[in-house]
Amino acid sequence: VLIPPLILATVPTGDYPRLRTVCTTAVGCPPDLVAAWSVGGRRFFVSHRTSGDSVATTVSEPLTGAHPTGPGGKPPTGGAGGGDDGGDDGGDDAPPIGRPITGKRVYVLDAGLRPVPVGVPGELYVGGAGLARGYRGRPYSSGDRMYRTGHLVRWRPDGQLRLLGRTDDQIRVRGIRVDPAEIEAVLAAHPSVAHTTVLMRADRLVGYVVPAAGVGPADVRSEELLTHAAAELPAPMVPNALVVLTGLPTTSQGDLDRA
């Protein structure tokens, strides 16, 4: 069965003698979920797919509650980059996302597009079969393609990938990946707005706006701004609420304080 971890967590655990293989995704899959469903000879896998890919990008080795297992239940041997360490990568208990499936290529690169060593975080790039051909009206150039995922990962000593998060501020809204910068650009294009930021608060998209010069806070009309946003953005990207501020909060280093 292929099932999202949030749904799997609601299923009562049991023998289920006809259920031999479970596959889920890395995001939202805690170690106790692996432990609960990788019993009784059942095989448990974690897969990972990027938004620029048509099918799964990577899949883990069969997992148990503590460590990945190789053929016959033995810990795998051989690591990425020629290393010979096996088993877990020393402290990470989150399930790995594995290795590329057949026909896929994955690269973990730094900001200069150089491969990083085992254990060093980098951005995941994907190549090979199954990549999207481009965006609507913006096809990719012909030839071999490599997709920049925005996913922060690192190689484990056993040659599997560990998902660490994202390199950008993208968030999920009702299962849809959303880039707040796109929403901010639309709100900032309104003549009454000088600066804006969009954050996720209690499962709601909230836009924070600073009035333009010569515009008072009382003159910024939320209904008008939301109508403007709805005309330019898909429904899931339209903020649920707007908050008018005299200025965006910053940290002591001058960066935007998103807390």
When you compare the side chain of [Y] with that of [X], does any pair of heavy atoms fall below 4.5 Å?
| X | Y | answer |
| --- | --- | --- |
| Leu163 | His151 | yes |
| Thr58 | Arg99 | no |
| Val243 | Val206 | yes |
| Tyr107 | Pro115 | no |
| Leu8 | Trp37 | yes |
| Pro239 | Leu242 | yes |
| Thr24 | Phe44 | yes |
| Pro211 | Asp219 | no |

Where do [X] and [Y] come nearest, in terms of heavy atoms and distance?
| X | Y | value |
| --- | --- | --- |
| Cys29 | Val34 | SG-CG2, 4.0 Å |
| Leu199 | Arg201 | CD1-NH2, 3.2 Å |
| Arg204 | Ala241 | NH2-CB, 3.7 Å |

Could you tell me the separation between the [atom1] atom of [X] and the [atom2] atom of [Y], rounded to the nearest 0.5 Å?
| X | Y | atom1 | atom2 | result |
| --- | --- | --- | --- | --- |
| Tyr125 | Arg148 | OH | CZ | 4.0 Å |
| Leu2 | Thr25 | CG | OG1 | 8.0 Å |
| His48 | Thr149 | NE2 | OG1 | 6.5 Å |
| Arg156 | Leu161 | CZ | CG | 9.5 Å |
| Glu123 | Leu113 | CD | CG | 9.0 Å |
| Ile101 | Ser47 | CD1 | OG | 9.0 Å |

Donor-acceptor contacts, no H, no angles, side chain residues 11-18, under 3.5 Å, sequence neighbours left out:
unit_1	atom_1	unit_2	atom_2	d
Tyr16	OH	Pro12	O	2.6

Would a single hydrophobic cluster contain both [Y] and [X], if residues Ile, Leu, Val, Met, Phe, Trp and Tyr are joined by side-chain heavy-atom contacts under 4.5 Å?
| X | Y | value |
| --- | --- | --- |
| Leu63 | Val39 | no |
| Val108 | Val120 | yes |
| Val1 | Leu6 | no |

Could you tell me whether a side-chain N or O of [X] sits under 3.5 Å from a main-chain N or O of [Y], the two making a donor and an acceptor?
| X | Y | result |
| --- | --- | --- |
| Asn240 | Leu205 | yes |
| Thr57 | Arg49 | no |
| Gln160 | Glu61 | yes |

Side chain to side chain contact (heavy atoms under 4.5 Å, CB included) evaluation trace for Leu164 with Arg154: CA-CA 7 Å; Leu164 304 176; Arg154 71 164 173 254; 3.7 Å; yes
Open item on the list: Are more than 12 heavy atoms, taken from residues, nucleotides or ligands other than Arg20, located less than 6.0 Å from that residue's CZ atom?
Closed with: yes
Practice problem: Determine, stepwise, if the pair Arg114 / Leu109 fulfils side chain to side chain contact (heavy atoms under 4.5 Å, CB included). | Solution: CA-CA 5 Å; Arg114 297 178 293 261; Leu109 308 178; over 6 Å; no
Report, one line per pair, each donor and acceptor closer than 3.5 Å where one atom sits in a side chain of residues 183-197; sequence neighbours left out.
unit_1	atom_1	unit_2	atom_2	d
Glu184	OE2	Thr197	OG1	3.2
Glu184	OE2	Val198	N	2.9
His190	ND1	Ser192	N	3.1
His190	ND1	Ser192	OG	2.8
His190	NE2	Glu224	OE2	3.0
Thr196	OG1	Tyr208	O	2.9
Thr197	OG1	Arg258	NH1	3.4

### Task
Please assess Val126 against Arg105 for the test side chain to side chain contact (heavy atoms under 4.5 Å, CB included), listing each intermediate value before the final yes or no.
CA-CA 6 Å; Val126 179; Arg105 300 187 306 275; over 6 Å; no
task: Check step by step if side chain to side chain contact (heavy atoms under 4.5 Å, CB included) holds for Val209 and Leu225.
output: CA-CA 10 Å; Val209 298; Leu225 272 179; 4.3 Å; yes
